[in-house]
Amino acid sequence: MAGNRFRYGQWRGGPDPLAPPYDVREAVDAVGAEVLAGGSLRETLRDLLRRGPNGRRGLDELAARARRMRREALRRGDLDGAVTRSQALLDQALAAERDELRGREDDAARFAETVLDNLPRSTARAVQELSGYQWASEEARRTYQQILDGLRDDVLGQRFAGLRDAVRASADPAAQQRLGEMMHDLNDLLARHARSEETGDAFAEFMRRHGEFFPEQPKDVDELIDVLARRAAAGERLMRSLSDRQRAELAGLMRQSLGEQLAGEMSQLDAHLRALRPDLGWGRGERVRGEQPLGYGEATGVLDEIGELDDLLDQLDQEHPGATLDDVDVEAVARTLGRDAADDVRRLRELERELRRQGWVTRDAEGLTLSPKALRRLGGTALRRVFADLTAGPRGQHDLRSAGAAGEVSGASRAWEYGDEQPLDVVRTLTRAVRRAGPSVPVQLAVEDFEVVETERRASAAVALCVDLSYSMISQGRWGPMKQTALALSHLMATRFPQDALQIIGFGREAMPLTQQELAAVEPDMEQGTNLQHALRLAGRHLRRHPDAEPVVLVVTDGEPTAHLDPDDGEAYFHWPPLPETIEATIREVDRLARYRATLNLFMLGDDPGLRRFVDAVARRSKGRMFTPDPGDLGEYVVSDYLRSRQRRG
């Protein structure tokens, strides 16, 4: 419409709808680099969120800020300020009363002085005994009343944020009655909620009658409970944070200031809230130290702040099973750490969600782990690293481009037939066309001119890659090269030689088959033992499942066998130095593989003389080969050996 004026500003309706998709491949590559260097997969994914991507603040920095604020809160002041203030007011009232009594000569004045001289040393008990005392000094009476009114207002104001604006309970009897009615109705409502009764209408009626006490305007009973329970828990933590004497003093003063009926309602309310929200740390005390005395409201406010920071630290630590960034209360982050910290949490949430949405990570019971998509990228990275070494080294270049749908070029060609998938032999196709139609440009092709390259079906292989998972592998810096080698070989076979069957077998005290995903996440075996016998037994089972394939076993290890399976109970038995029984059990598995005509090649990491003697003997016995690469060259050796074996089979 003519004359309309439009004003533009920053988008505030949530994520920018025009923003490009969040590219998290850089983060995935950073995780992959850590894994290929030998890092723990789960710890690396966890650290990505803890440190923050691309120099942004992560959970660790936010948690450090929360811990710093908690330490500052613990130095905020003296929690006993409510009792200290009451003691100071009591001293003022007694001094004013004695001054007044000294000016009187009657017996009543002397009796009153006797009463004051015999008051208990306890502030709470003294205040209680003075509840029926007839004050001679008006100033003293007003000061004494300040003890009761001030503490009552502090306690009720802390529990019910709207109390001070709604009524002055300490001065107006009608207001006291309204407060008592509210407390009675509140306890009745919470009791019904605890019995799982329908409370929708009752809550609406309660808010209609007593909503002035609750400026937060809770939407239902649960929100009301959340508001009240946190404050009640802070009050309970205050009591737990005091010494026994201080606690008794404050409890006595509170009973005196509230009165028996209101104190009873308050005690019943705390019992309901504790039962409905038992997870708020009701029994936890804090050692708050500072010179500034804190009143009841200030002290509970400090403890409430500390409690909220503790909850926030639990959320930021992400230690409980199944924890996600969705568990972090962004509003609590904004309240305690500031809006910029809340923005950091939102960005980390976006990163975690995009990692899942784009299919780079999945979540299991133990947390985040890389998805098959990410593992393919990781395997491709590992393979590129290996081939970078191959092309740079003296071994020459390895061309992996296949020359047929499923075979190697035989050197012959034949006429094309419908359904052929072999590549065209361009030279022979053009030659046939020229012979048929004569030399002319352009060359006119007919169906009968086409020839395809003949290929021979490549022999498939069953490959068992046995990798040592003992602790020495990581302590000697061999864990990363081992993982990179296994992932590179797995990716090579899956993408270039899918007819070959690979089984990765990890072995420590016992052996176990590993998927590519399990290999990326596997941690060193902290138990002592190198059970090559069990690994070779599992390798033999894998080979027998593929009887038509050429059997190949590759072993990567840095220690001689020190464990074997007991033939009676099947349990792994470890002993150092290696027992003859362990060596014999391992050699029996080597002989079984030899009878199966499996190629057994061993890649020895390290220079242990005992390992060298054992590996050399196994290689000669099985007619296999022994390699002694540096850890950084392991991938080059293993992949090159596999490719050479494929060329021989072709």
Side-chain angles (χ1 to χ4, degrees), residues 76-159 163-165 167-173 175-176 179 235 238-239 241-263 266 288-303:
R76 193 75 55 79
D78 182 4
L79 294 180
D80 195 29
V83 176
T84 303
R85 177 176 179 272
S86 297
Q87 178 65 62
L89 288 173
L90 179 61
D91 290 343
Q92 292 177 28
L94 294 178
E97 182 69 4
R98 285 192 171 97
D99 287 344
E100 178 67 27
L101 293 175
R102 274 195 294 269
R104 299 185 180 187
E105 301 296 336
D106 54 85
D107 292 340
R110 304 290 78 79
F111 179 78
E113 287 176 337
T114 302
V115 171
L116 299 183
D117 290 341
N118 288 281
L119 286 173
R121 297 181 61 184
S122 164
T123 302
R125 290 177 59 195
V127 169
Q128 181 180 6
E129 290 199 11
L130 289 169
S131 61
Y133 178 77
Q134 299 297 318
W135 296 90
S137 167
E138 181 61 24
E139 178 188 353
R141 188 194 66 77
R142 288 197 303 268
T143 304
Y144 171 79
Q145 194 63 40
Q146 286 180 31
I147 299 173
L148 303 178
D149 294 348
L151 184 56
R152 178 167 57 238
D153 285 353
D154 277 352
V155 171
L156 296 176
Q158 185 264 339
R159 296 299 182 91
L163 176 66
R164 294 190 179 187
D165 296 332
V167 293
R168 296 299 298 176
S170 60
D172 185 358
Q176 290 236 27
L179 178 60
L238 171 59
M239 303 300 284
S241 303
L242 300 174
S243 67
D244 291 343
R245 184 191 63 80
Q246 292 169 333
R247 186 182 309 119
E249 289 285 289
L250 182 56
L253 288 169
M254 288 173 61
R255 282 195 303 271
Q256 188 68 20
S257 64
L258 292 173
E260 290 299 326
Q261 180 179 357
L262 195 56
M266 188 73 75
V288 180
R289 295 291 181 267
E291 297 181 0
Q292 180 67 31
L294 300 175
Y296 183 88
E298 295 170 316
T300 52
V302 168
L303 292 172

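Values reported hereafter were calculated over all heavy atoms of this structure, with side chains retained and with hydrogens, waters and symmetry mates removed.
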- Donor-acceptor contact present, side-chain Arg141 to main-chain Ala93, <3.5 Å: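 Not a single qualifying donor-acceptor pair exists.
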
- Between Gln128 and Gln256, is there a donor-acceptor pair closer than 3.5 Å when you use the side chain of the first and the backbone of the second?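 A pair under 3.5 Å: no.
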
- Return yes if a side-chain donor-acceptor contact under 3.5 Å exists between Tyr133 and Glu97, otherwise no.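 There is such a pair (donor and acceptor under 3.5 Å, judged by atom type) between the side chains of Tyr133 and Glu97.
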
How long is the straight-line distance from [atom2] of [Y] back to [atom1] of [X], given to the nearest 0.5 Å?
{"X": "Phe111", "Y": "Asp106", "atom1": "CZ", "atom2": "CG", "answer": "12.5 Å"}
{"X": "Ser122", "Y": "Leu253", "atom1": "OG", "atom2": "CG", "answer": "7.5 Å"}
{"X": "Leu116", "Y": "Glu129", "atom1": "CG", "atom2": "CD", "answer": "11.0 Å"}
{"X": "Leu303", "Y": "Ser241", "atom1": "CG", "atom2": "OG", "answer": "5.0 Å"}

Give the minimum heavy-atom separation between [X] and [Y], together with the two atoms involved.
{"X": "Thr143", "Y": "Gln92", "result": "CG2-CB, 3.9 Å"}
{"X": "Thr114", "Y": "Asn118", "result": "O-ND2, 2.7 Å"}
{"X": "Leu90", "Y": "Ala126", "result": "CD2-CB, 3.8 Å"}
{"X": "Ala109", "Y": "Arg104", "result": "CB-CB, 3.8 Å"}
{"X": "Ala96", "Y": "Ala140", "result": "CB-CB, 4.0 Å"}

Tell me, yes or no, whether the heavy-atom count around [X] atom [atom1], taken from other residues, nucleotides or ligands under 6.0 Å, exceeds 12.
{"X": "Gln134", "atom1": "CD", "result": "no"}
{"X": "Arg98", "atom1": "CZ", "result": "yes"}
{"X": "Glu139", "atom1": "CD", "result": "no"}

- Where do Arg102 and Glu113 land on the side-chain contact (heavy atoms from CB on, under 4.5 Å) test, with the steps shown first? CA-CA 9 Å; Arg102 274 195 294 269; Glu113 287 176 337; 4.1 Å; yes

Can you find a heavy atom in the side chain of [X] that is under 4.5 Å from one in the side chain of [Y]?
{"X": "Val127", "Y": "Gln87", "value": "no"}
{"X": "Ser131", "Y": "Tyr144", "value": "yes"}
{"X": "Ile147", "Y": "Thr123", "value": "no"}

- Query: Any salt bridge between Arg142 and Asp149, counting N to O under 4.0 Å?
  - Reply: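 Asp149 and Arg142: not salt-bridged.
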
